[in-house]
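A short write-up of the structure that comes next.
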Amino acid sequence: MEKIIEILINGLSTGAIYALLALGFVLIFKSTGIINFAQGELAMVGAFVCYSFAMLMNLPYILAVLIALVIGALLGSVVDLLFFRRMVGEPMFSTIMVTVGLASIVTCISGIIWGHDVHSIQSPFTDKTVAMGNLVISQGTLYTIGLSIVLIILFILFFNRSLLGIAMKGTAEDPDTAGLMGVNVKKVHMLAWAIGTMVAVLAGIFLAEQSFVRLSMSHTGIKAMAAAILGGMESIGGAILGGVIIGVVEGLAANYLSGMELGDFHFGDIKDVAAFAIMIIVLMIRPHGIFGKEKVERV
Amino acid sequence: MKTRIVVSSFILLGALCLMAGGTWAKEVRGVTDTEVKIGCLVDLSGPAKYGGPPIAQAFKDCVAWVNDNGGINGRKINLVVEDNGIMPNTTMKAARKIILKDGVFAIGFNLGSAGASAILPLCEENEVVLMPHGANKKFFYPGNKWVFVPHTVQYSMACRAVEYILEKNPKARIGMIYQDDGFGREGLEGARAAAKFMKSKLVKEAPYKMGTMDFTPHMNAMKEANVDTIVLWTYLPQSASVIKQKVKMGWDVTLISNNTTGVPPLFALVGENADGYMLVTPFAPVHTDVPGVKRIKEINKKYGDPKKTLDNPMYPDYLYLAGWGYIEAMVEGLKKAGRDLTPDSLVKGLESIRDYNMGGLCPNITFGPKRHVSSFSSLVLRADGKAKRFNIIDGFKEPKTPQ
């Protein structure tokens, strides 16, 4: 029983990071219609910025996180301004390829600035644990889960209750009509990129706390995209659920299936395979994801 | 008269042919009267680019020292270092360049076992001696005329790790986390073989894909299996992640790993939490006072850049030492091949090396006609978290498990 609880808690922690990254995907997609393949790279940049301020400049960890979030928001705005402002309304394949190119550029520049080594961030939670009977959980895990839940609730409220959130949803639905209704579409797009990047930066910092800061941490973006698709690309609740499902399934697969032997057949690491297999099965049953809705156009 | 001229012409032509034939027979790629070209293929741009510069530096230092001391059998070494990008396709490109364009006589180092497998047919076709570095057991067992491995391989190191644990505690419950590729699986095979030989077994095996950094599930699986020792066939970032996870779980489990993780950056990543982390390696730490290390430190001081290399506390020194093991084996093979240097004479020269003294830097080098691997021995080191260095806790020994 304790093992299952540990797997679930750790799966939730990993899932929370996927969920935050997936939330960034959904935020940008819902507002601008762009699927951002550079989300993982933006998370990696955020983690490196936090590392630079916390470890190289010895600023307090919380201050380093806040600076990284501000820089993340600025970076998102600049990305919108430089790359995507003129791409609005262009074919989806073109915008996707621009984000793929952006991912390569970001990785290359990060490699030049920070190098290809692995670095460690010391947060107030690093190496600290909470014991509950025989159950030992790291403070970092609990902090990731707790803060992610708070952020996710705030985002749900923002999109459903605030005027700006509703404007962002409306802009994604029909930018022309939203513009006619007085919504500043360009501003909304820039805001979506800024918030989406901030969320990615936070996910990157959580991820760095759990493992290390490194260029390859951007690969987590693919898992987060799978989470967003699994949940339904336009649903915030779906992104969260997708992230949690993938995190928990990975944990269960790694614990119970990886390394298993059936006769002479030796299973390797099937953690990633299991997560994507679940995504494929769900999409075969619900092609638009768990919370995704099929668009019906009136003719 | 006419007949005499015709006969003389034929004799002259025959003599010229013989002379020319003689000259052709003596022409060996990469060998002139004054120099011999040796190739070194290392990763300077790919995923293992951290490994290339220290190895290349060791080759450069050693070659400068050998040449300064008159070369080998009257020939200076002309070193050709080429970036192999570690991948099979990039390694093939680099090998083609140094063999077919630069015309090297032999390849004294190739980083990456997949790349070495890819270029092996090219080396065989062109009679090029190849010294591969990576997951190497397949390169000397069953063996290949042109391949020599001057290094204790992962299989032997894994055997040594498991035997060391079981000798200390025959009832140890050993689990293993390994990279799911040639490197990790060679370690797994060695660990399994040693456990079986010692009448024990690995109670849990957990593979991971290259690049994995979250070891929560793997460590949970180990804890669930109630292991008290985990053998890690991982690279540095993954070992650091496992140590971090161990601390997170508040679990006092013994960790023992391989040579690739025994570098100073481990302390930068996990600090004092590295304390007690053990590893098996064929290379002595550079702070040790053995003659072999002293010697290369002096050479590095004279021909290299010690501030950036051996005196730099973050330098991946084992790679530099590994480079020395390879180039010294090649130099000794060239010496033994004699002045009449051909691919066959180099093979014979290498095969005649017996117990070449490395001064405690790494195991002494021995090759033979039926043995193209230099050694099966390794040391066991233990991390001192406070001093941020590794200390020898068990000297050079061969595993008892059949190799």
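Chain letters run A, B, ... following the sequence lines, proteins first and then strands; every chain starts at 1. Side chains included, hydrogens not; waters and symmetry mates left out as well; all remaining heavy atoms used.
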- [ ] For each of His218(B), Met222(B), Met213(B), tally heavy-atom pairs with chain A at distances under 4.5 Å, and name the one with the top tally.
- [x] Met213(B)
Open item on the list: Tell me which of these, Val247(B), Asn220(B), Asn273(B), Leu236(B), has more heavy-atom pairs under 4.5 Å with chain A than the rest.
Closed with: Asn220(B)
TODO: With a 4.5 Å cut-off on heavy-atom pairs, point out which of His219(A), Glu250(A), Arg214(A) contacts chain B the most.
DONE: Arg214(A)
Task: Side-chain ion pair, Asp180(B) and Arg185(B), N-O less than 4.0 Å - done: yes
Open item on the list: Heavy-atom cut-off 4.5 Å, strictly under: side chain, backbone, both or neither for Ser241(B) against chain A?
Closed with: both
- [ ] Sort Thr14(A) into side chain, backbone, both or neither according to what part of it lies under 4.5 angstrom from a heavy atom of chain B.
- [x] side chain
TODO: Check for a donor-acceptor pair, side chain of Lys223(A) on one end and backbone N or O of Ile246(A) on the other, with a separation under 3.5 Å.
DONE: no
Open item on the list: Hydrogens and angles aside, do Ser45(B) and Asp83(B) bring a side-chain donor and acceptor to less than 3.5 Å of each other?
Closed with: yes
Task: Per-residue contact mode, His116(A) against chain B (heavy atom under 4.5 angstrom) - done: side chain
TODO: Give a yes or no on whether a salt bridge exists between Glu272(B) and Lys388(B), defined as a side-chain N under 4.0 angstrom from a carboxylate O.
DONE: no
- [ ] Would you please say whether a donor-acceptor pair under 3.5 Å links the side chains of Thr309(B) and Tyr320(B)?
- [x] no
